[in-house]
Student: 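Pasting a structure here, questions to come.
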Amino acid sequence: MGLTKRRFSKARTASRRAHFKTQPVTLVNCPKCHAPMAAHRVCPTCGTYAGRQVFEVRETEEKSGS
Ligand SMILES: [Zn+2]
């Protein structure tokens with residue numbers, strides 16, 4: 001591990017961290033089912049990724065009880 005030559009002030013550290021923020025998930029349309037989905041993820045609607053079936057899509061069940 002390298003060591004920094006001198007400590008940075010709180011203001012310098014805070015101003016660097018001012019750009020640390022979460023970004024909204026990029027939505028794209030699925031090439032197969034054309035539903036909006038997160039980019040570079042398996043489509044939750046049809047279960048495909050890069051043109052191949054990754055998992056079988058089951059009917060969503062209503063959660064009963066609590
Ligand atoms: Zn899809």
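All values derive from a computational prediction rather than experimental measurement.
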Student: State which residues pass side-chain contact (heavy atoms from CB on, under 4.5 Å) with S9; sequence neighbours excluded, sorted by chain then number.
Tutor: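 Only A11, R12 meet the side-chain contact (heavy atoms from CB on, under 4.5 Å) criterion with S9.
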Student: Please identify each residue that fulfils side-chain contact (heavy atoms from CB on, under 4.5 Å) with R6, with sequence neighbours left out.
Tutor: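 Here no residue qualifies.
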Student: Holding to side-chain contact (heavy atoms from CB on, under 4.5 Å), I want the full list of residues that pass it with S15, two or more places apart in sequence or in another chain.
Tutor: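 If we apply the side-chain contact (heavy atoms from CB on, under 4.5 Å) test to S15, skipping adjacent residues, there are no hits.
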Student: Which donor-acceptor pairs under 3.5 Å do side chains of residues 42-55 form with protein atoms, sequence neighbours excluded?
Tutor:
residue	atom	partner	partner atom	Å
Q53	NE2	C46	O	2.9
Q53	NE2	F55	O	3.0

Student: To the nearest 0.5 Å, tell me how far L27 CG sits from R41 CZ.
Tutor: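 One finds 11.0 Å between CG of L27 and CZ of R41.
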Student: Once side-chain contact (heavy atoms from CB on, under 4.5 Å) is applied, do any residues pair with K21, and if so which ones, sequence neighbours excluded?
Tutor: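 Once residues adjacent in sequence are excluded, the partners of K21 under the side-chain contact (heavy atoms from CB on, under 4.5 Å) criterion are H19, Q23.
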Student: Who else is in V28's hydrophobic cluster (ILVMFWY, side-chain heavy atoms under 4.5 Å, direct or via others)?
Tutor: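 Direct or chained contacts put V28 with M37.
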